[in-house]
Peer 1: 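After the structure tokens below, expect a handful of questions from me.
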Amino acid sequence: MFTGIIEEIGEITTITPEGDGWRLTVRAPRAASDAVHGESIAVSGVCLTVVGSTAETFDADVMKQTLDVAAIGGATVGTRVNIEKAMPVGARLGGHIVQGHVDGVGEVLEVRPGAQWSVLRISLPGDLAPLVVDKGSISVDGTSLTVSAVSAPAADAAWFEVSLIPETLAATTLGTRAVGDRVNLETDILARHVERLLAFRAAGDPAVPGADRAVTTEGGSR
């Protein structure tokens, strides 16, 4: 489990094909300094398991499914990545609950820099659009962010915006993102649970409390 508070920016130094997946070596001195075999580290929002480490690097395997669904599949040697170690029990939840399970990939559509802030508009896969709300939480490349605007439900193409403060611009890779860049997206786990529950209710599953009460188009029940 992670919080989306990035601890350092790392760099992929080696990519070694392993069957239909990869073994990555990532230079991240802060994370690697006390990394142990088997622990979890989020690499730009993708939860990976440490299989080896040195004082400044750690190795992790990436399976084909992850390469297919996450932006890390387009990484090359030299790609900079956001690094966060798993949250220890009892720590403060500075961001929001992030699992490190990427839901989909978005594309940076617009970058609007300001005197202190920068606004990114990012495309949103249609199946994820209902899970993203204005002022809600979303993880972009592993960074916990607050949604500052969303497209209308009837829009031809879904998108959302995030406003980045100077600290986020400096401490994460989002400060160098440009139009056309692909980013990993993870929606709020609470929204995903609600969506799943409502799907069962709509299907009338008797095992779900309230499933016998059909949902109306206004959101109420009858």
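This one's a predicted model, so the numbers in the text were calculated from it and none came from an experiment. In what follows, every heavy atom counts, from backbone to side chain, and hydrogens, waters and symmetry copies are set aside.
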Peer 1: Under the criterion side-chain contact (heavy atoms from CB on, under 4.5 Å), which of L24, V43, V36 is the partner of F58?
Peer 2: V43
Peer 1: Is any side-chain heavy atom of L185 closer than 4.5 Å to one of V140?
Peer 2: yes
Peer 1: State, yes or no, whether a side-chain contact exists between V77 and E11 at a heavy-atom distance under 4.5 Å.
Peer 2: no
Peer 1: Taking all atoms of both residues into account, what is the closest heavy-atom pair of D127 and E195, and its distance?
Peer 2: O-OE2, 4.3 Å
Peer 1: Between R196 and R201, is there a side-chain heavy-atom distance shorter than 4.5 Å?
Peer 2: no
Peer 1: Going by atom types alone, do S137 and D188 pair a side-chain donor with an acceptor below 3.5 Å?
Peer 2: no
Peer 1: Between the side chains of T172 and N82, is a donor N or O closer than 3.5 angstrom to an acceptor N or O?
Peer 2: no
Peer 1: Determine, stepwise, if the pair T143 / L174 fulfils side-chain contact (heavy atoms from CB on, under 4.5 Å).
Peer 2: CA-CA 9 Å; T143 307; L174 298 179; 4.0 Å; yes
Peer 1: Side-chain heavy atoms nearer than 4.5 Å, only ILVMFWY residues, links allowed to pass through others: does that put V147 and L169 together?
Peer 2: yes
Peer 1: Less than 4.5 Å apart, any side-chain heavy atom of T176 and any of R80?
Peer 2: yes
Peer 1: Are L131 and V183 joined in one hydrophobic group, where the rule is that I, L, V, M, F, W and Y side chains link up if heavy atoms are under 4.5 Å apart?
Peer 2: yes
Peer 1: Would you mind reporting whether V133 and V150 have side-chain heavy atoms less than 4.5 Å apart?
Peer 2: no
Peer 1: Can you tell me how far apart NZ (K85) and OG (S33) are? Round to the nearest 0.5 Å.
Peer 2: 6.0 Å
Peer 1: Are V50 and I15 grouped together when hydrophobic residues (ILVMFWY) are joined by side-chain heavy atoms under 4.5 angstrom apart?
Peer 2: yes
Peer 1: Check whether any side-chain heavy atom of I122 sits under 4.5 Å from a side-chain heavy atom of E161, and report yes or no.
Peer 2: no
Peer 1: Given the rule in the side-chain contact (heavy atoms from CB on, under 4.5 Å) test, do T173 and I6 qualify, once you have shown the distances and angles that lead to the verdict?
Peer 2: CA-CA 10 Å; T173 60; I6 303 304; over 6 Å; no
Peer 1: Might you work through the side chain to side chain donor-acceptor pair (under 3.5 Å) test for N184 and S44, ending with a clear yes or no?
Peer 2: CA-CA 7 Å; N184 293 320; S44 286; 5.4 Å; no
Peer 1: Can you name the salt bridge (Lys or Arg N to Asp or Glu O under 4.0 Å) partners of D20, sequence neighbours left out?
Peer 2: none
Peer 1: If you group Ile, Leu, Val, Met, Phe, Trp and Tyr by side-chain heavy-atom gaps below 4.5 Å, do L145 and I5 land in one group?
Peer 2: no
Peer 1: Working to the nearest 0.5 Å, report the span between CD of E8 and CZ of R27.
Peer 2: 8.5 Å
Peer 1: From D61 CG over to T16 OG1, what is the distance, rounded to the nearest 0.5 angstrom?
Peer 2: 10.0 Å
Peer 1: Taking the side chain as C-beta and beyond, is there a heavy-atom pair between C47 and F2 under 4.5 Å?
Peer 2: yes
Peer 1: Ignoring hydrogens and geometry beyond distance, is a side-chain donor-acceptor pair present between T49 and E39 at under 3.5 Å?
Peer 2: no
Peer 1: Nearest 0.5 Å please: distance from the CG atom of L109 over to the CG atom of D181.
Peer 2: 11.5 Å
Peer 1: If you compare all heavy atoms of M1 against all heavy atoms of Q99, which two are closest, and at what distance to 0.1 Å?
Peer 2: SD-CG, 4.2 Å
Peer 1: Please give me the minimum heavy-atom distance between S163 and S148, naming the atom from each residue.
Peer 2: OG-OG, 3.3 Å
Peer 1: Take T187 and R192 through the side-chain contact (heavy atoms from CB on, under 4.5 Å) test and state the conclusion after the steps.
Peer 2: CA-CA 7 Å; T187 56; R192 298 202 301 275; 3.3 Å; yes
Peer 1: For a 4.5 angstrom cut-off between non-hydrogen side-chain atoms, does V111 reach S118?
Peer 2: yes
Peer 1: Is Q65 atom CD crowded by more than 12 heavy atoms from other residues, nucleotides or ligands, each under 6.0 Å away?
Peer 2: no
Peer 1: Honestly curious: do L164 and V108 fall in one hydrophobic cluster under the side-chain, below-4.5 Å linking rule?
Peer 2: yes
Peer 1: Which atom names give the shortest non-hydrogen contact between I72 and W22, and what distance separates them?
Peer 2: O-CZ3, 3.4 Å
Peer 1: In Å, rounded to the nearest 0.5 Å, how long is the span from CD of E84 to OG of S144?
Peer 2: 9.0 Å
Peer 1: Applying side-chain contact (heavy atoms from CB on, under 4.5 Å) to V98 and E186, what does each step give before you reach the verdict?
Peer 2: CA-CA 8 Å; V98 177; E186 181 184 330; 3.4 Å; yes
Peer 1: T13 and V26: which non-hydrogen atoms are nearest, and at how many Å?
Peer 2: OG1-N, 4.4 Å
Peer 1: Could you tell me the separation between the CD atom of E110 and the CG atom of L120, rounded to the nearest 0.5 Å?
Peer 2: 9.5 Å
Peer 1: Can you name the closest pair of heavy atoms from V69 and V102 and give their distance?
Peer 2: O-CG1, 4.1 Å
